[in-house]
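To start, the structure itself, in C-alpha cells.
Being a predicted model, the structure only gives us computed values, none of them experimental. Lettering follows sequence order; numbering is per chain, from 1.
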2 protein chains.
Amino acid sequence: MADKVTIADVARHAGVSRQTVSNVLNAPELVREHTQRRVLEAVQALGYRASQAARQMRTGRSQLIAARIEPAQDDGINGFVFDRFLHGLTESAALAGYRVLLYTAADHEAELATFDDLLGVYVPDAFVLTSLDYGDPRPAWLLEQRIPFVTFGRPWGVPPAQRYPWVDVDGAAGTAAATRYLLDAGHRRIGFLGWPAGSGVGDDRREGWARTLTAAGAEPAELAELDYRTDDGAPHGEAAARALLDRDRPVTALVCVSDSLALGALQAGRGIAVIGFDDTPVARAVGLTSVSQPLSEVATRCVSLLTRALDGNGAGARARETQAYDTGTEVLLRPSLVRRRSA
Amino acid sequence: MADKVTIADVARHAGVSRQTVSNVLNAPELVREHTQRRVLEAVQALGYRASQAARQMRTGRSQLIAARIEPAQDDGINGFVFDRFLHGLTESAALAGYRVLLYTAADHEAELATFDDLLGVYVPDAFVLTSLDYGDPRPAWLLEQRIPFVTFGRPWGVPPAQRYPWVDVDGAAGTAAATRYLLDAGHRRIGFLGWPAGSGVGDDRREGWARTLTAAGAEPAELAELDYRTDDGAPHGEAAARALLDRDRPVTALVCVSDSLALGALQAGRGIAVIGFDDTPVARAVGLTSVSQPLSEVATRCVSLLTRALDGNGAGARARETQAYDTGTEVLLRPSLVRRRSA
DNA sequence: TTGAAAGCGCTACCAA
DNA sequence: TTGGTAGCGCTTTCAA
C-alpha cells in the first residue's frame, strides 16, 4: 500500500498548481470556492494527507506535545491519576491537531537533558509538566529557552516574576467539602491524615480541612490534636488511624490526603468514617468515599492553554462547569466528592 | 537560544563539506579517523543534533513507535498493568533511538481509522498493540499494509497463516505456581475465581490452576466444583468467595484471575488464603499475594522485536532470565509470585 | 577519502 | 485569485 500521495498528485488530479492545493488547505479564503471544491474532491479521492515531516521543515512546527510518563510511585496508587491525565491529554491534543510524545527521566536534571535532546531532534512544540515541587528547575529552564509549556500543578514557591500557564485542582476545596460533609453528618471529632508538612499539594489539602473546622468553631489547639502527619502508604495509614483512635477523645471520622492512607485507616477497622483523595480504583473497589479530580478537564484545559499560546487562538472548548478560578493562564478547577459506603 | 545548528554549521566549523559530516555520523568507516575526530569535536562544540524531520524526509523513517493509551477499565485496577508497560516501552524505545507516540481510539474500528491517519501524517515506523482479543482485526490490517508491529498479548484464535511477532506473559504458569504454592502450604480445597469462559487471558490463567490440581490428583468433577466464574470487580469477588465458602466442602484457598476479584475475596473475610493476579498497587496496599507480570521486560522484548524488524539488527539486550519460550519472534515470559500476608 | 548536486514534500514569498 | 520559485536540513547518488 503505497501511501505516497503528495500534494503534486492532488494538484494534477484537480488540474491546478501545487500552490493552490496548499492554499486550499491552509488559507482557504484565498481560493475561489469552485476551485476549493475541486481540490477538496481530489484530496478525498486520492486520500491525501499532508506529511508532517515536510510541513515541519517549512513551518518549524512538529504538532507534538511532549509529556513525561512517570515511573511507578512508591505506593503506586497514584500512578492512576497521572495515567488518566495522560489519557485525557492524548484525547484533547488529538482534537486540537497535536499528538503526545512520551519521554521518561529519573530526576529533574535528567529531565532537563531530555528537554534539550528532544528539542534538538523531534522538536516538540510544547511540554506538559506534572508533579511540580518546590524549587523545581524545569519551568525556569523552559521559560529561559522560550519553549511553550503548561503545568498540571500550581507553581509552589515560585517567584511571581516567573509566571507561566498552569492548571491545577483545588485540593483545599476538596478536603473542605469532605470535612463539611462529615460535619453535616454529625461528626465533631474529624481528624486529618496527611503527609509531613512541606509538600505543596499535601499542605494545600490540609488547609481545606483546617479552615473548615475552624469555621465550625474548632480551636487551634484542637486542630493540632486532630492533625496527624505520616508518609504515604496503607500501612502508615493504618498505624496513624490506630493512634488517633487510642487517644482520650478519639476521632470519629478521618479526612485523608490520599486513598492509600485512607485505605489503611479503613483497615484499622473500628468503623470510623473515612474519606480519601483521588478516587483511585482502590476507592471504588473497597467502597471508599473519595475526592475526585476532574482529570479529563484538567487535560482539556492544558491543551487549550497550549494551543492558545501556539496557534494564537483561544479556541478550544472552555467548559465552565467545574471551573473555580481562571485568570486566563492560571486555571484552578474544583474537585468533587464521590460518596460511597465509607462515609 | 537559537537551537538551529545545522549540518552546514558543523561542516564550516570543522572545515569540511556537509557531506563529510553526514558520513561521519552515518557511515564513519568512510572517513579518515583524523577527519572524524575533527567533525565530532565540532558536533560537540556546537551541540549539533540531526533534525528528525529532515532525516525523515530523506529516509522515510520517523523513529516513532505508536501505542494506544487505553481508556480507564470498568474497574480501573488493571489500567496499572498497561501504564507500567507503557513506561517500560518509553524507556526501552528511547534506548533504541525511538520515541513513543500516543493515540486513543474508542474501539477497533476507530483504531483502524487512527492507524490510517497516523500513517498518513506522522508516519510512525511501527505500532505496539495491547489488549488483543478474539477476532481482533488490527493485526490483519497492519499485516496487509505491511506495517511493522508487535503485540503484547498472544494472538487468540488467529489462523497460523497470520503470523506476527508478539510478546506475552505465561498466565497459566503464573496460576500454576500460585496453586502449587497453596498445595505446598497444605491446602487441599483450592478454588479458582475466574472470568466467564471466552477470554483468552482468563482461560489461560484458569488452565494453569486446573492442570496443577489435576496433577495433584483432583478429579474433573471436583475441579468443576471449585471453578467459579464471574465478572471482574471486587464486589463480584466478594459474592463469589461467599458462595464458595458456603458450600458443603468449603474452599480453604482461592486463586484469582485478577487482583480485583482477589480483593473482594479478601473482604469476604473468613481468613481463607487468597492469591491475586497482576500485583497491582492494591495488592501491595492490602498485603495480597499476587502473580506479577514482568512488564518492564515485556516492553524491552517488544522493542527488541521491533528494532530487529526495523533496523535489521537483532541487537538489544535479550535477557534470558525470565524467559520461558522464544521462537525468535514469539516470546512468552514467566511471571513471578509475590508473597504477602494473604497466603 | 572527500565534495557537489539533487531532491524528499511542503509552504512563504513573490509575481502574474 | 492563481502559479512559479525557493529552500527548510538532511542523505543518497555520483564525480573528483
Between the side chains of A:Arg49 and B:Tyr122, does any donor sit under 3.5 Å from an acceptor?
no
Salt-bridge present (A:Arg301, A:Asp168; N to O < 4.0 Å):
no
Please check the phosphate of D:dG9 (OP1 and OP2 only) for any side-chain N or O of B:Arg18 closer than 4.0 Å.
no
Proximal nucleotide (of D:dT11, D:dT2, C:dC10) relative to the A:Arg55 side chain
C:dC10
Look at all strands and tell whether B:Ala53 reaches a base, only sugar-phosphate, or nothing, counting heavy atoms closer than 4.0 Å.
nothing
Hey, is the side chain of B:Ser22 poking within less than 4.0 Å of OP1 or OP2 on D:dT11, counting only N and O atoms?
yes
Look at B:Ser17 and C:dA4 and indicate whether a side-chain polar atom (N or O) is within less than 4.0 Å of OP1 or OP2.
no
Counting heavy atoms from C-beta on, name the nucleotide in C:dG3, C:dC10, D:dC10 closest to the side chain of B:Val16.
C:dG3
Taking 4.0 angstrom as the limit, do A:Arg99 and B:Asp117 come out as a salt bridge?
yes
Side-chain touch A:Leu25/A:Val39, heavy atoms, less than 4.5 angstrom
no
Is any side-chain N or O of B:Ser51 closer than 4.0 Å to OP1 or OP2 of D:dC10?
no
Would you indicate which nucleotide in C:dC10, D:dT2, C:dA5 comes nearest to any side-chain atom of A:Leu30?
D:dT2
Under 4.0 Å between a side-chain N/O of B:Thr35 and OP1 or OP2 of C:dT2, yes or no?
yes
